[in-house]
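Remember, predicted model here, so these are calculated numbers, not experimental data.
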2 protein chains.
Amino acid sequence: MRDIAKAVGVEAPSLYNHIKSKQEILAELLMDIADEFITGMGEVERMDAKHQAKVEALIGLHVRISFIKRDAISLLTHDWRQLKEPTLTEFVQIRQDYEDRFLRIIKMGIEEDEFKDIHPDVALFSLLSTLRWLHVRYGKKDILSIEEMTLQLKRALMGGVLKN
Amino acid sequence: MRDIAKAVGVEAPSLYNHIKSKQEILAELLMDIADEFITGMGEVERMDAKHQAKVEALIGLHVRISFIKRDAISLLTHDWRQLKEPTLTEFVQIRQDYEDRFLRIIKMGIEEDEFKDIHPDVALFSLLSTLRWLHVRYGKKDILSIEEMTLQLKRALMGGVLKN
DNA sequence: CCTACCGATCGGTAGG
DNA sequence: CCTACCGATCGGTAGG
């Protein structure tokens with residue numbers, strides 16, 4: 001809080017004229033960014049397209065948000081653990097909802113023979129862990145543009161590394 | 001430190017008869033587990049095999065260590081940021097060394113036409129971010145055995161999700 | 001191995 | 001918006 005106050009140019013106690021608690025700031029930032037993902041997921045689900053295109057659209061969604069809101073993303077990946085009840089439970093439910101909907105797309109892709117017969121949870125886990133670490137990648141030097149990164153990730157994640 | 005003391009069954013100050021500082025515990029745990037990865041990498045590099053087999057062996061390495069040393073792995077992924085100098089620099093170098101050697105295998109696989117012509121850094125990033133989050137996956141209910149998980153991850157990461 | 005305790009940090013309140 | 005300050009926490013030391 002003292003750091004925030006310094007950045008804003010006031011004394012620490014003055015912050016409390018604008019906010020209720022440190023928790024409140026964290027919760028608000030987290031819910032905002034979580035909303036963007038949920039909204040994006042809704043748009044993808046309404047797409048009239050193959051499941052491959054939907055998963056690729058979700059890859060694009062993560063790349064875009066990770067690029068534009070680097071800092072908030074890092075909250076989403078790490079700092080949500082600092083939330084206290086009841087916000088923690090609320091957040092975990094939203095997150096679970098997102099994962100469930102992602103998983104459903106993968107399962108349908110497998111059923112309809114678009115995707116390989118791999119363990120759907122493992123596929124989801126593999127996709128999401130890469131997508132959730134993107135903000136770290138963007139912390140480094142050789143920055144790829146949003147378009148390049150999206151293209152490369154689609155190739156790597158959808159098609160794997162092996163030739164054939 | 002008070003939590004550790006309670007778990008061990010002594011008062012907090014008594015810990016300092018056995019250790020020098022909190023930092024020392026963290027550094028020691030981190031260096032131990034980092035060593036296991038560096039040793040594993042050395043063995044993989046000495047394999048007389050295709051680059052595909054080497055990457056698959058590294059997947060196996062991560063799955064095994066993540067399964068057996070869940071707690072230490074979480075230090076490696078998250079808590080190393082708490083290290084102070086000079087140990088921090090030392091750790092970052094070891095980590096960089098590991099990534100460089102992993103990257104070299106990927107690049108050689110691409111050169112020798114075993115792997116697709118994808119951006120090597122993106123491929124490494126994608127593989128490593130999945131492998132580094134494994135300990136979270138193991139925190140959940142439906143646990144796959146080491147063998148099953150290794151098999152599934154090889155398929156998902158090497159071959160991707162798409163049929164064909 | 002313990003008791004006693006320190007100094008720094010931190011989220012936050014009182015009162016103006 | 002500020003000054004003054006509290007109570008809890010935490011890594012660690014002194015001294016036995």
Side-chain angles (χ1 to χ4, degrees), chain A residues 1-37 69-96 132-133 135-136 139, chain B residues 1-37 69-96 132-133 135-136 139:
Chain A
M1 298 311 287
R2 269 130 175 125
D3 287 345
I4 294 175
K6 189 177 282 181
V8 177
V10 298
E11 295 298 318
S14 303
L15 292 173
Y16 290 86
N17 291 306
H18 307 279
I19 57 151
K20 228 187 67 200
S21 64
K22 191 175 128 175
Q23 278 287 313
E24 192 194 62
I25 303 179
L26 178 60
E28 203 162 306
L29 290 169
L30 278 173
M31 289 310 174
D32 275 7
I33 192 88
D35 258 358
E36 291 198 49
F37 279 101
K69 313 216 165 174
R70 254 167 274 205
D71 302 334
I73 284 285
S74 139
L75 295 180
L76 206 53
T77 306
H78 304 293
D79 304 295
W80 63 270
R81 283 161 229 269
Q82 310 300 326
L83 282 176
K84 285 172 190 159
E85 298 297 358
T87 324
L88 178 59
T89 299
E90 194 190 334
F91 176 83
V92 169
Q93 276 165 4
I94 293 175
R95 188 184 166 101
Q96 187 63 52
R132 282 176 177 157
W133 274 83
H135 66 285
V136 175
Chain B
M1 298 310 287
R2 270 130 174 122
D3 286 347
I4 294 175
K6 189 178 284 181
V8 177
V10 299
E11 295 299 317
S14 303
L15 292 173
Y16 290 85
N17 291 305
H18 305 281
I19 57 151
K20 226 186 68 200
S21 66
K22 192 176 129 175
Q23 278 287 313
E24 191 193 62
I25 302 179
L26 178 60
E28 202 161 308
L29 289 169
L30 278 172
M31 290 309 175
D32 275 6
I33 192 88
D35 258 357
E36 291 198 49
F37 279 101
K69 314 217 165 172
R70 256 168 273 207
D71 302 335
I73 284 286
S74 140
L75 295 180
L76 206 54
T77 305
H78 305 291
D79 303 295
W80 63 269
R81 284 161 229 269
Q82 310 302 327
L83 282 175
K84 285 171 189 158
E85 298 295 0
T87 324
L88 177 60
T89 299
E90 193 190 334
F91 177 83
V92 170
Q93 276 166 2
I94 293 176
R95 188 185 166 100
Q96 188 63 53
R132 281 175 178 159
W133 274 83
H135 66 287
V136 175

Pairing partner of C/dA8 (Watson-Crick or G-U wobble, both distances under 3.5 Å): D/dT9
Watson-Crick or G-U wobble partner of D/dG16, both distances under 3.5 Å: C/dC1
Shortest side-chain distance from A/Val10, nucleotide among D/dC2, D/dG12, C/dG12: D/dC2
Nearest-neighbour nucleotide for the B/Glu11 side chain, D/dT3, D/dC1, C/dT3 considered: C/dT3
4.5 Å side-chain heavy-atom contact, A/Ile19 and A/Met1: yes
Pair A/Leu15-A/Lys22, side chain to side chain contact (heavy atoms under 4.5 Å, CB included): steps then yes or no: CA-CA 10 Å; A/Leu15 292 173; A/Lys22 191 175 128 175; over 6 Å; no
Intermediate values then yes/no, side-chain hydrogen bond (donor to acceptor under 3.5 Å, both in side chains), A/Gln93 and A/Thr89: CA-CA 6 Å; A/Gln93 276 165 4; A/Thr89 299; over 6 Å; no
Interatomic distance where CD1 belongs to A/Ile4 and C1' belongs to C/dG11 [whole Å]: 11 Å
Rounded distance in Å - NZ (B/Lys22) to P (D/dT13): 14 Å
Separation of D/dC1 P from A/Lys6 NZ (nearest whole Å): 17 Å
Test item: A/Lys69 and A/Glu36 side chains (from C-beta on) under 4.5 Å apart, heavy atoms: yes
Length of the CZ-C1' vector between A/Arg2 and D/dC5, whole Å: 11 Å
Length of the line joining A/Ile25:CD1 and C/dG11:C1', which is rounded to integer Å: 11 Å
Among C/dC2, D/dT13, D/dC2, the nucleotide that comes nearest once only the side chain of A/Ser14 is considered: D/dC2
Value in whole Å for how far the C1' atom of C/dG12 lies from NZ of A/Lys20: 13 Å
Toward the 5' end of DNA chain D, by each residue's nearest nucleotide, B/Asn17 or B/Gln23: B/Gln23
d(OH, A/Tyr16; P, C/dG11) in whole Å: 6 Å
Side chain to side chain contact (heavy atoms under 4.5 Å, CB included) evaluation trace for B/Val92 with B/Trp80: CA-CA 9 Å; B/Val92 170; B/Trp80 63 269; 4.0 Å; yes
d(CD1, A/Ile19; P, C/dC10) in whole Å: 15 Å
